[in-house]
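Just dropping this structure here.
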2 protein chains.
Amino acid sequence: MKIQPSKIYGPKRKVEPGLDRSKIVAAALDLLDEDGFDGLTMRSLAKKLDIKAASLYWHVPSKQDLLSLLADEICAPIRKPDGTLPWRNQLEILGNEYRRILLAHRDAARVLSSSGAPSGPNRLRLTEMVLSILLDAGFAPQDAVYAGFLLNDYVTMFVSAETQSANPVAESVFEDSPSGVQNWLEALPVNEYPSVVALANHLIKSDSDERFQFGIKILQNGLENHLANRSSRDHN
Amino acid sequence: MKIQPSKIYGPKRKVEPGLDRSKIVAAALDLLDEDGFDGLTMRSLAKKLDIKAASLYWHVPSKQDLLSLLADEICAPIRKPDGTLPWRNQLEILGNEYRRILLAHRDAARVLSSSGAPSGPNRLRLTEMVLSILLDAGFAPQDAVYAGFLLNDYVTMFVSAETQSANPVAESVFEDSPSGVQNWLEALPVNEYPSVVALANHLIKSDSDERFQFGIKILQNGLENHLANRSSRDHN
DNA sequence: ACCTGAACACCGTTCAAGT
DNA sequence: ACCTGAACACCGTTCAAGT
């Protein structure tokens with residue numbers, strides 16, 4: 001006969017009644033902020049939850065699905081822009097809002113890019129906001145869809161590049177000196193890369209926020225122009 | 001005394017005098033086309049070259065560096081657009097040219113996104129082309145840099161999404177029926193996602209090539225508009 | 001100079017078995 | 001219903017040792 005410890009003395013798992021999807025996703029988000037995308041593994045997540053890795057597969061079918069859940073959770077705090085503003089401004093505000101929530105968690109953009117198409121409620125809400133703004137602005141259905149993906153992808157891609165390496169051209173070409181990159185750029189053969197050499201200091205500078213607003217503005221202008229051409233064609 | 005096999009009967013490694021970086025990169029590109037990005041591992045690459053994985057590290061410092069080399073190799077076939085054309089058209093041609101070479105190899109866009117900033121000769125050549133077109137068009141130095149990254153990132157991101165899942169919204173939400181995605185979209189709560197539901201069939205359709213050209217056109221329009229505003233401001 | 005053996009420290013996932 | 005042990009089939013990378 002084995003000695004049976006009283007249930008009182010069991011691990012008791014704190015006060016929690018047990019795991020569920022939402023607790024797993026919450027823990028995954030914490031782990032992401034602590035250890036980054038590469039540190040988020042099924043094994044490390046299990047350890048954080050005081051269970052074994054295999055147990056996660058009772059609650060979640062695969063790591064891919066977990067990442068989709070996590071992606072949606074990251075998008076939860078998105079707020080809807082004031083609908084009375086002109087569509088240009090609404091898109092600008094929404095773009096900045098999306099960037100804001102992506103910058104709120106470490107490697108969030110990487111999670112979003114690796115998690116496939118939006119299917120959760122929060123990302124669907126974001127899609128709904130973009131599309132409704134574009135439809136209200138007067139875009140044709142297919143154009144609204146294309147423009148929606150363009151805007152969504154722009155922000156995701158931008159923040160992904162922005163967080164993967166502070167400077168889009170710098171990184172570890174030569175990982176030593178601070179302005180080693182500029183030296184490297186300026187030392188390039190001028191005959192072959194005249195523009196790159198000429199713009200060396202501008203390639204280095206590249207303020208992230210300013211660059212983001214530049215892209216938003218180009219997209220606004222481009223969409224406005226497209227809409228104007230379409231409308232005038234409709235009227236003729 | 002051990003039996004020494006004659007050198008004649010050695011593996012002889014075919015006729016190749018030995019490995020070098022370029023042969024490793026060529027083999028990596030073959031392997032990429034055969035097995036995709038996830039199939040490209042140091043171990044499988046070594047097997048293809050009839051060596052052991054550890055040997056690769058004598059020629060290449062890390063897998064990251066190998067991917068950078070591979071990224072540059074993928075960009076080798078890029079051709080320069082006719083410089084006598086208007087800058088709008090040059091950018092459009094270059095964008096399509098870049099997309100073309102990315103679609104020429106399996107998962108090429110994933111290699112490019114995971115390989116960091118351009119530092120090899122071919123990607124630098126691509127950067128040079130974009131920047132010189134923009135400078136010739138009359139963009140201010142910093143604007144040319146921002147616009148260059150915008151264009152480059154647009155194509156990379158687009159092809160990356162395009163090849164990861166044929167349809168940007170479809171994929172495996174419900175992996176069964178062909179139009180199961182449309183059913184799923186249309187079954188969404190209309191109160192919460194009216195625009196998504198209304199655009200369901202357009203979200204499904206989404207012709208890749210048409211969508212790519214739409215994005216290029218928006219960027220063209222946006223840049224043209226930006227340039228016009230700047231120029232008029234300079235003249236006043 | 002170039003390559004291998006063998007290990008280190010990991011991965012995601014499965015599945016019979018426990019409670 | 002929920003969790004574990006133990007394995008399967010992998011990873012990238014290092015380094016002493018071989019030739």
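All chains are named by letter (A, B, ...) in the order of the sequence lines, taking the proteins before the strands, and each is independently numbered beginning at 1.
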Nearest whole Å is fine: how far is C/dC11 P from B/Asp38 CG?
17 Å
A/Asp153 side chain to A/Thr156 side chain, donor-acceptor N/O pair below 3.5 angstrom
no
Rounded to whole Å, NZ of A/Lys23 lies from P of D/dC2 at a distance of 12 Å
Would you kindly give the CG-to-P distance between A/Leu56 and D/dT4, to the nearest whole Å?
10 Å
P atom, D/dC10 versus C/dA9: distance in rounded Å?
22 Å
Identify the heavy atoms of A/Leu94 and A/Pro81 that sit nearest to each other, and give their distance.
CB-CG, 3.8 Å
Show your working on side-chain contact (heavy atoms from CB on, under 4.5 Å) between B/Leu150 and B/Tyr146 and close with a plain yes or no.
CA-CA 6 Å; B/Leu150 184 59; B/Tyr146 289 161; over 6 Å; no
Cation-pi check for B/Phe149 against A/Arg211: NZ or CZ below 6.0 Å from the six-membered ring centre and within 45 degrees of the axis, yes or no?
yes
Expressed in angstrom and rounded to an integer, what is the separation of A/Leu49 atom CG from D/dC3 atom P?
10 Å
Please test A/Arg21 against A/Asp65 for salt bridge (charged side-chain N to carboxylate O under 4.0 Å, His left out), starting from the C-alpha separation and ending with a verdict.
CA-CA 11 Å; A/Arg21 271 168 121 85; A/Asp65 291 76; 5.7 Å; no
Distance check, C1' atoms only: D/dA16 and C/dC3, in whole angstrom units.
13 Å
Answer with yes or no whether the side chains of B/Asn96 and B/Gln213 bring together a donor and an acceptor at under 3.5 Å.
yes
Whole-Å distance, A/Ile51 CD1 to D/dT4 P, equals 6 Å
Taking CH2 from A/Trp58 and C1' from C/dG18, how many angstroms apart are they, rounded to a whole number?
16 Å
Electrostatic pair A/Arg125-A/Glu128, nearest N-O below 4.0 angstrom
no
Please tell me if A/His59 has a side-chain N or O lying less than 4.0 Å from either OP1 or OP2 of D/dA1.
no
For B/Leu45 and B/Leu66, what are the C-alpha separation, side-chain angles and deciding distance, and is it a side-chain contact (heavy atoms from CB on, under 4.5 Å)?
CA-CA 11 Å; B/Leu45 178 57; B/Leu66 177 63; 3.5 Å; yes
Pairing string, 5' to 3', for DNA chain C - Watson-Crick or wobble contacts under 3.5 Å, brackets [ ] where pairs cross, | to another strand
||.|||||...|||||.||
When you measure from the side chain of A/Ser44 to the backbone of A/Gly39, do you find a donor-acceptor pair of N or O atoms at a distance under 3.5 Å?
yes
Could you write out each protein N or O paired with an N or O of nucleotides 12-16 of chain C at a distance under 3.5 Å?
residue, atom, partner, partner atom, Å
C/dG12, OP1, A/Met42, N, 3.4
C/dG12, OP1, A/Lys63, NZ, 2.8
C/dG12, OP2, A/Met42, N, 3.1
C/dG12, N7, A/Arg43, NH1, 2.4
C/dG12, O6, A/Arg43, NH1, 3.1
C/dT13, OP2, A/Tyr57, OH, 2.6
C/dT13, OP2, A/Lys63, N, 2.9
C/dT13, O5', A/Tyr57, OH, 3.3

